[in-house]
Novice: 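Just passing along the structure, written as structure tokens.
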Amino acid sequence: MTEEAEFGKIYNLEVTVIPTNMPDIRINYPDKIYKNEKQKFLAVVDEIAEIHSTGRPILVGTISIEKSELVSELLKQRGIKHNVLNAKQHEKEAYIIAQAGRIGAVTIATNMAGRGTDILLGGNAEYMAKEELDARGITPDDPNYNVIKNDALNQAMAITEEEHKKVVALGGLHVIGTERHESRRIDNQLRGRAARQGDPGSTRFFLSLEDNLMRIFGGDKITAVMNMLNVEENMAIENKLITKQIESAQKKVETYHFDIRKHVLEYDDVMNVQREKFYAQRRKVLFGQDVSEDILYMIEKETERILGSYIAPGMNPDEYVYEDLETMVKEIHSTFPQLSGIGVKDVQGIKFETIYEKIKDLALDAYKTHEAALINFYNSVLSKYDPNFRPQQPFTSDNMVRGLERDILLKIIDAKWIDHLNNIDIVRDSIGLRAYGQKDPLIEYKKEAYNLFNNMMFDIQRETVKYLFRMKFGIQIMNDTVEEMGDEQ
């Protein structure tokens, strides 16, 4: 319930409280607040000693291993027998926590330790029987294992049922929290160890003004009040108003962490949109769909990109820079080797639209010629020089060239996507520095990610077109090689 707002805003999920199986009769005593941490822990030990003398079982929750060992040391000085659960003895944790409800039991646990095992008042008969069998060295391999196990279980149940009645009469398990956690949920989980399934129980938290939560949120105000009232160090304050203030501080911390997670999600959403678009296109290639229309579109767009890098639509031909035209023609030759006959004189004094239509049509025609040459090579050249070459059916654009287009495109988009993910990680790691320039890092990240994605798509387009047109040279080399072999033979 404490995270209801987050579930609603991020996941669009409602949170509902399931009623307890049995009425909850747990008593949650007001927090006790001390000036310093030393007095707080001394007070915790005093309360343990007082309640322990009645025989009630006690569970002490700490926020760290260090604090659990501190409480343990203080209890040793007072001669109070106890168990410590701090994840150092994880093999024994289930055994220890299972018996934390027995008469006179004192268990110290970090908040995460021992969870998943119910604390049954009077003890857990099954664990008690298992411990008895382990102590006697009896294993499931023993031929009388089941008989011995049932006897041990019956004896354990007789003990736990008797102790359960006594513990209930004493008031059930008492839970002591030695510090408020940043999250109310964890405090509630600790409280929930007591008074389960209709059993009685009670809880109390001990705080000090030196605790992290108190120090960060409102500790100074409470300290000023305590000093004004001349409150002694060993005197505790119990005030519902202060308890509400502490809960308010916890809500602030939870909101802060929620904002961080929400911010991270917003960053992830940027990549998620790109991922969905990218993989939709990749699936089309991967599942063998015809991408010839996409290839032709890429040729047209690559032509437009090359021309647009040097001259602009609507630009007066008299404004063209000769050196730019030279560089543009070189790039056309590099991308479309079959158009090597085009020179600067063919683009001088001509409007952008006319040049574009001319180069585009020549490029598309060159690609069709390239397809025909490729098919002819496999159908005639190989069979001419290799008498054993007998294809099951003649090669065509559909059964050969389309497959080559898919393979080439898939290889290129996979390589470029890997590079894109690396680039995005670099941008994300450094984008926070934009805040120093009074810019919103998230907005800047969206801009950078958008530009990187567009650049990746241009790179895929450019490399795919170049690779496909250069296949012609591979065919020509193979042709020349086969002809040389024929001449030699």
Side-chain angles (χ1 to χ4, degrees), residues 20-32 34 40-62 67-68 70-86 92-111 113-115 117-128 131 156-180 187-207 236 238:
T20 56
N21 181 44
M22 303 288 284
D24 180 9
I25 57 173
R26 181 179 64 239
I27 301 171
N28 296 319
Y29 292 110
D31 298 349
K32 282 191 173 184
Y34 290 83
K40 176 186 74 173
F41 281 111
L42 290 175
V44 166
V45 175
D46 286 341
E47 174 138 334
I48 293 171
E50 182 183 343
I51 294 175
H52 178 65
S53 64
T54 67
R56 277 186 74 184
I58 301 167
L59 175 67
V60 183
T62 63
K67 297 296 171 63
S68 67
L70 172 62
V71 175
S72 175
E73 189 59 37
L74 292 173
L75 289 177
K76 286 177 185 176
Q77 293 174 11
R78 297 284 287 267
I80 299 174
K81 188 179 177 182
H82 60 279
N83 289 309
V84 181
L85 286 177
N86 55 19
K92 297 181 180 179
E93 279 193 4
Y95 284 101
I96 294 172
I97 203 71
Q99 308 308 334
R102 298 195 66 180
I103 289 178
V106 177
T107 309
I108 304 168
T110 51
N111 286 330
R115 281 168 47 186
T117 307
D118 250 349
I119 299 176
L120 303 179
L121 300 189
N124 188 312
E126 288 185 13
Y127 276 91
M128 197 181 294
E131 200 168 8
M157 287 178 67
I159 294 170
T160 55
E161 286 175 7
E162 185 64 28
E163 282 200 18
H164 181 271
K165 294 174 185 177
K166 292 179 181 178
V167 173
V168 168
L170 291 169
L173 179 70
H174 182 59
V175 172
I176 296 175
T178 58
E179 193 167 329
R180 287 283 196 138
D187 289 346
N188 292 341
Q189 286 172 344
L190 181 60
R191 278 201 176 104
R193 304 307 297 263
R196 298 174 71 85
Q197 297 296 337
D199 285 333
S202 58
T203 67
R204 190 193 293 277
F205 277 85
F206 286 77
L207 315 175
E238 292 184 31

Novice: Is Arg56 reaching over with its side chain to a backbone N or O of Val167, donor-acceptor style, under 3.5 angstrom?
Specialist: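 Checked: no pair found.
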Novice: Considering non-hydrogen atoms only, spot the tightest contact between Ala156 and Ala125 and give its length.
Specialist: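 So the two residues come closest at CB-O, 3.5 Å.
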Novice: Is there a donor-acceptor pair closer than 3.5 Å between any side-chain N or O of Glu163 and the backbone N or O of Ile103?
Specialist: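 At least one qualifying donor-acceptor pair exists.
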Novice: Are side-chain heavy atoms of Leu120 and His164 found at a separation under 4.5 Å?
Specialist: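 Not touching, per the 4.5 Å side-chain cut-off.
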Novice: Is there side-chain contact between Gln99 and Asn124, with heavy atoms separated by less than 4.5 Å?
Specialist: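 With C-beta onward as the side chain, the pair touches.
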Novice: Between CD1 of Ile96 and CD1 of Ile119, what distance do you get to the nearest 0.5 Å?
Specialist: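 Between atom CD1 of Ile96 and atom CD1 of Ile119 there are 12.0 Å.
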Novice: Roughly how far, to the nearest 0.5 Å, is the CG atom of Asp187 from the CG atom of Asn28?
Specialist: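 Answer for the CG-CG pair, Asn28 versus Asp187, is 11.0 Å.
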Novice: For residues Gln77 and Glu73, determine if any side-chain heavy atom of one lies less than 4.5 Å from a side-chain heavy atom of the other.
Specialist: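 Sidechains of Glu73 and Gln77: in contact.
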Novice: Any idea which heavy atoms bring Thr178 and Lys40 closest together, and the distance?
Specialist: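 Smallest interatomic distance, heavy atoms only, reads O-NZ, 2.7 Å.
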Novice: Under 4.5 Å between any side-chain heavy atoms of His82 and Ile58, yes or no?
Specialist: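 They are not in side-chain contact.
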Novice: What heavy-atom pair brings Ala194 and Ser202 nearest, and what distance separates the two atoms?
Specialist: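 Ala194 and Ser202 have their closest heavy atoms at CB-O, 4.1 Å.
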Novice: Between Ser72 and Val84, what is the shortest heavy-atom contact and its length?
Specialist: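 Closest approach of Ser72 to Val84, heavy atoms only: OG-CG2, 3.5 Å.
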Novice: Measure from the side-chain N and O atoms of His174 to the backbone N and O of Pro57, and report whether any donor-acceptor pair falls under 3.5 Å.
Specialist: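 No.
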Novice: In Å and rounded to the nearest 0.5 Å, what is the CD to CZ distance from Glu179 to Phe205?
Specialist: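 Answer for the CD-CZ pair, Glu179 versus Phe205, is 10.5 Å.
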Novice: Less than 4.5 Å apart, any side-chain heavy atom of Thr62 and any of Leu70?
Specialist: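 Answer no - side chains too far apart.
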Novice: Check the pair Thr107 / Asn83 against side chain to side chain donor-acceptor pair (under 3.5 Å), numbers first and verdict last.
Specialist: CA-CA 5 Å; Thr107 309; Asn83 289 309; 5.0 Å; no
Novice: Just how far is it from atom CG of Leu74 to atom CD1 of Ile108, taken to the nearest 0.5 Å?
Specialist: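 Rounded to the nearest 0.5 Å, the CG-CD1 separation comes to 9.0 Å.
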Novice: How many angstroms lie between atom CE of Met22 and atom CG of Asp199, to the nearest 0.5 angstrom?
Specialist: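 Met22 atom CE to Asp199 atom CG measures 8.5 Å (nearest 0.5 Å).
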Novice: Hey, could you give me the CG/CD1 distance between Asp46 and Ile51, rounded to the nearest 0.5 Å?
Specialist: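 The distance works out to 11.0 Å.
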Novice: Does Glu47, at its CD atom, have more than 12 non-hydrogen atoms belonging to other residues, nucleotides or ligands within less than 6.0 Å?
Specialist: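 It does: Glu47 CD has more than 12 such atoms within range.
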Novice: Does a side-chain heavy-atom distance below 4.5 Å link Met128 with Met157?
Specialist: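 Of all side-chain heavy-atom pairs linking Met157 with Met128, none is under 4.5 Å.
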Novice: So do Leu207 and Arg180 actually touch side chain to side chain, heavy atoms under 4.5 Å?
Specialist: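 Of all side-chain heavy-atom pairs linking Leu207 with Arg180, at least one is under 4.5 Å.
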Novice: Look only at the side chain of Arg204 and the backbone of Val175, and say whether a donor-acceptor pair between them is shorter than 3.5 Å.
Specialist: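 Checked: no pair found.
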Novice: Search all heavy atoms of Leu59 against all heavy atoms of Ala109 and return the closest pair with its distance.
Specialist: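 Result for this residue pair: CD1-CB, 4.2 Å.
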Novice: Might you work through the side chain to side chain contact (heavy atoms under 4.5 Å, CB included) test for Val60 and Leu75, ending with a clear yes or no?
Specialist: CA-CA 12 Å; Val60 183; Leu75 289 177; 5.7 Å; no
Novice: Mind checking whether Arg193 and Ile97 have side chains closer than 4.5 Å, heavy atoms only?
Specialist: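 Yes; the side chains approach each other to less than 4.5 Å.
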